[in-house]
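Below: one structure, written as structure tokens.
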Amino acid sequence: MSRSALQGAQRTLVLGVCVAAALLLSEAASFTFVLPRMVEDFQASDAQASLLRQIPNVGALLIMFLAGVVGVRWGGRRTLLLSAMVFSVGSLIIMVAPGAAVATVGVLGVNIGRTALFVIGLALISTSVTDTNARAAAFGAFGAILPVAYLLMPVLAGALIDSIGWRAVVATWFVLGVLAAIIIRQTVPTTRSAKTRGELITPTLAGVVLAAAVQAITTLSSAGFGLNFGIELAVGVAAMVGLAVAMRRLPKPSLSLVSLRHGGLLLILVVLLLTQFANLWFYMNLALQYVYGLTSLDTALILIPSQIVAVLAAAYAGRLVQRMGISAAGVIFMAGLGVSLLLSLVLTVGSALWIPAVVMMVYSFFVTGSGVPLTNAIMDASGAGQEGSASAFRNAANSVGSALGVALMTAIVFASMSTSLTDRATAAGASPNDAQTALAELRASASAEDLAAKYAIPLEEVSEIDSSIKGAYFDGMAAHGLVGGLVSFGAAGLFYFARR
């Protein structure tokens with residue numbers, strides 16, 4: 001097969017799955033813009049607003065392993081269609097919701113549908129495309145889904161909210177969900193469902209363990225030890241015990257761990273987890289809005305070139321895998337990711353706006369590109385018949401890595417900022433108390449869910465920050481870049497070792 005690799009029915013299937021996934025990702029690309037207006041419109045309490053922020057992550061984590069099992073059992077086309085339908089129904093519920101409680105149900109449905117489609121879609125691509133070069137091209141296309149969705153949706157969402165209202169954005173989700181279902185019907189062939197029937201307890205419990213663990217990590221980083229953390233930890237431990245008992249007692253548990261024993265998959269998942277530690281997208285968003293004074297819509301516009309570069313990076317990464325192999329491409333991109341994070345050390349208060357924009361383009365190229373060989377390696381190492389499990393484990397590693405990154409990087413960034421701010425205030429002969437108060441406001445302006453998010457994020461308004469806080473913020477970004485760069489270099493070395 002030629003280097004272009006994907007031909008005929010394979011190309012149609014891969015294109016259909018990727019386009020459908022990008023359409024459903026429209027919700028994730030615009031939810032942070034919709035949420036503040038939704039909360040205001042419903043006059044939601046703090047508890048209701050917090051639940052609306054957390055439920056997308058919880059719903060996605062709960063369904064992850066279940067989707068991997070059901071996708072194999074019911075057949076790829078059927079479950080992809082069901083996922084798009086659940087997404088559309090969830091969007092419709094939000095669109096007509098009279099209050100926060102009903103909207104929460106819709107948000108849960110939207111994120112369950114989207115996550116299921118991603119897990120099942122990747123597994124279907126891996127099962128259907130077996131040629132080495134074709135797989136590289138297919139996973140390159142899959143890697144472009146995220147930046148394609150985020151290319152224009154944040155801008156469109158901002159424009160619709162300002163001109164019509166937040167429900168217009170949700171109506172867009174509904175239309176795109178229906179369109180995704182039509183595309184799936186036209187492009188994904190009918191596949192045989194598995195003849196086996198089995199329990200769904202083990203994948204459900206695995207989802208509960210994952211959701212509880214990620215929420216506990218997130219709660220610990222944002223609120224410390226407390227009642228919520230204790231409840232989440234207790235739920236996670238109870239679910240883990242139940243899962244262990246079920247795995248031992250059931251003759252043929254549906255949740256398969258076989259894929260973790262193939263081709264160094266466990267180590268590769270650790271590498272993927274490590275690449276999620278740094279999140280320059282968020283911290284650059286914060287810098288552009290608070291240091292440079294841009295609005296959230298202006299920030300989304302400034303980052304459009306970075307999204308375009310990310311799309312090109314995914315395509316190039318697929319070609320590099322074809323030319324040099326998975327191991328070499330992965331090491332190159334992850335080492336490049338480390339260098340791109342170190343570039344944030346050059347940013348200062350006096351940096352012209354084009355400098356952070358260029359830094360983000362370099363970062364987006366390598367962070368997107370590194371995901372392609374990683375996905376290829378994970379799916380190749382899964383073993384025949386284990387594609388659904390491998391896809392679920394890949395998404396789980398992404399989620400755990402992001403949660404750990406939020407917990408660790410937030411502490412590092414704001415500790416560095418606090419130290420820098422104290423030193424600057426002392427050197428100026430001023431009391432650092434006022435500056436520290438403003439710094440606390442800055443940290444509280446984004447939720448833990450915002451910290452874990454990607455791309456353009458509208459943040460709560462805080463008082464205008466002075467030059468000393470701006471300088472301290474860039475010191476915090478430098479700490480983020482230094483630690484993230486070192487972790488990325490370590491991930492590159494571990495990936496090479498795992499692939500040997």
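We're numbering straight along the sequence, starting at 1.
Side-chain atoms of L353 and I302, non-hydrogen and from C-beta on, do get closer than 4.5 Å to each other. Q186 places none of its side-chain heavy atoms less than 4.5 Å from the side chain of T12. Using a 4.5 Å cut-off on side-chain heavy atoms (C-beta onward), M409 and N279 make no contact. Using a 4.5 Å heavy-atom cutoff, the side chains of R185 and R77 are in contact. With contacts defined as side-chain heavy-atom distances shorter than 4.5 Å, the pair F277/L404 qualifies. For the pair V487 and T275, the minimum side-chain heavy-atom distance is 4.5 Å or more. In this structure the side chain of W173 reaches within 4.5 angstrom of the side chain of V34, judged on heavy atoms. The side-chain heavy atoms of F366 and V339, taken from C-beta on, include no pair separated by under 4.5 Å.
Residue M361 qualifies as enclosed at atom CE: its count of foreign heavy atoms under 6.0 Å is above 12. Atom CE of M247 is surrounded by more than 12 heavy atoms from other residues, nucleotides or ligands within 6.0 Å. Under a cut-off of 6.0 angstrom, the local environment of OH in Y316 is sparse, with at most 12 non-hydrogen atoms contributed by other residues, nucleotides or ligands. Applying the 6.0 Å contact sphere to OH of Y292 captures more than 12 heavy atoms from other residues, nucleotides or ligands.
Counting only distance, with no hydrogens or angles, the side chain of H480 and the backbone of F474 share no donor-acceptor pair below 3.5 Å. For T115 (side chain) and I112 (main-chain N/O), no donor-acceptor pair under 3.5 Å exists by modelled atom type. Listed for the N111 side chain is a donor-acceptor partner under 3.5 Å among the backbone atoms of V107. Of the possible polar contacts, one joining the S351 side chain to the T348 backbone as a donor-acceptor pair under 3.5 Å is found. Counting only distance, with no hydrogens or angles, the side chain of T79 and the backbone of G76 share a donor-acceptor pair below 3.5 Å. A donor-acceptor pair under 3.5 Å links the side-chain atoms of S399 to the main chain of N395, judged by distance alone. Checking side-chain atoms of S391 against main-chain N and O of E387 turns up no donor-acceptor pair under 3.5 Å. Between the side chain of S128 and the main chain of L124, a donor-acceptor pair closer than 3.5 Å is present. Using modelled atom types, one side-chain atom of S88 and one backbone atom of V178 make a donor-acceptor pair closer than 3.5 Å. Between the S340 side chain and the L337 main chain, a donor and an acceptor come within less than 3.5 Å of each other.
Nearest heavy-atom pair, G236 versus V209, reported as atom, atom and distance to 0.1 Å: O-CG2, 4.0 Å. In terms of heavy-atom proximity, L80 sits nearest to I184 at O-CD1, 3.6 Å. Here the closest non-hydrogen pair linking F31 and P56 is CE2-CG, 3.8 Å. The minimum heavy-atom distance between S306 and W281, with the atom names listed, is CB-CH2, 3.7 Å. The two residues S91 and V110 make their nearest non-hydrogen contact at N-CG2, 3.3 Å. Closest approach of W74 and L82 over heavy atoms only: CZ3-CD2, 3.7 Å.
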Verify side-chain contact (heavy atoms from CB on, under 4.5 Å) between V148 and Q307, making sure each step is shown before the conclusion. CA-CA 7 Å; V148 165; Q307 316 291 8; over 6 Å; no
Please report the C-alpha distance between L24 and L176 in whole Å, then the side-chain angles of each, then the deciding distance to 0.1 Å, and finally whether the side-chain contact (heavy atoms from CB on, under 4.5 Å) criterion is met. CA-CA 7 Å; L24 265 59; L176 294 179; over 6 Å; no
Step by step, work out the ring pair (Phe, Tyr, Trp, His ring centres under 6.0 Å) result for F333 and F365. CA-CA 9 Å; F333 271 104; F365 180 85; 5.7 Å; yes
Just do the side-chain contact (heavy atoms from CB on, under 4.5 Å) check on V359 and L280 with the steps written out, would you? CA-CA 10 Å; V359 169; L280 192 57; 4.1 Å; yes
Where do Y363 and S344 land on the side-chain contact (heavy atoms from CB on, under 4.5 Å) test, with the steps shown first? CA-CA 10 Å; Y363 171 77; S344 58; over 6 Å; no
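For the pairing with S30, the side-chain contact (heavy atoms from CB on, under 4.5 Å) check across V155, V169, V170 returns one residue only, V169. Under the side-chain contact (heavy atoms from CB on, under 4.5 Å) test applied with I326, the options V321, I268, T132 reduce to a single match, V321.
The aromatic rings of Y283 and Y473 sit tilted, their planes meeting at an angle between 30° and 60°. Aromatic ring pairs are classed by plane angle as parallel below 30°, tilted from 30° to 60° and perpendicular above 60°; the pair F65 and F393 is perpendicular.
Between the CG atom of L494 and the CG atom of L267 there is a distance of 5.5 Å, given to the nearest 0.5 Å. Taking CD from E27 and CG from L25, the interatomic distance works out to 8.0 Å, rounded to the nearest 0.5 Å. Here the OG-OH distance, from S26 to Y150, works out to 10.0 Å after rounding to the nearest 0.5 Å. A distance of 9.5 Å separates CE in M334 from CG in L274, rounded to the nearest 0.5 Å. Note that CG of L151 and CG of L303 are 11.0 Å apart. Values are rounded to the nearest 0.5 Å. The CG atom of L343 lies 11.5 Å from the CE atom of M360; values are rounded to the nearest 0.5 Å.
For T375 and R394, the side-chain atoms include at least one donor-acceptor pair closer than 3.5 Å. Q276 and N398 form a side-chain donor-acceptor contact under 3.5 Å, judged by distance and modelled atom types alone. No side-chain donor-acceptor contact under 3.5 Å links T130 and R135.
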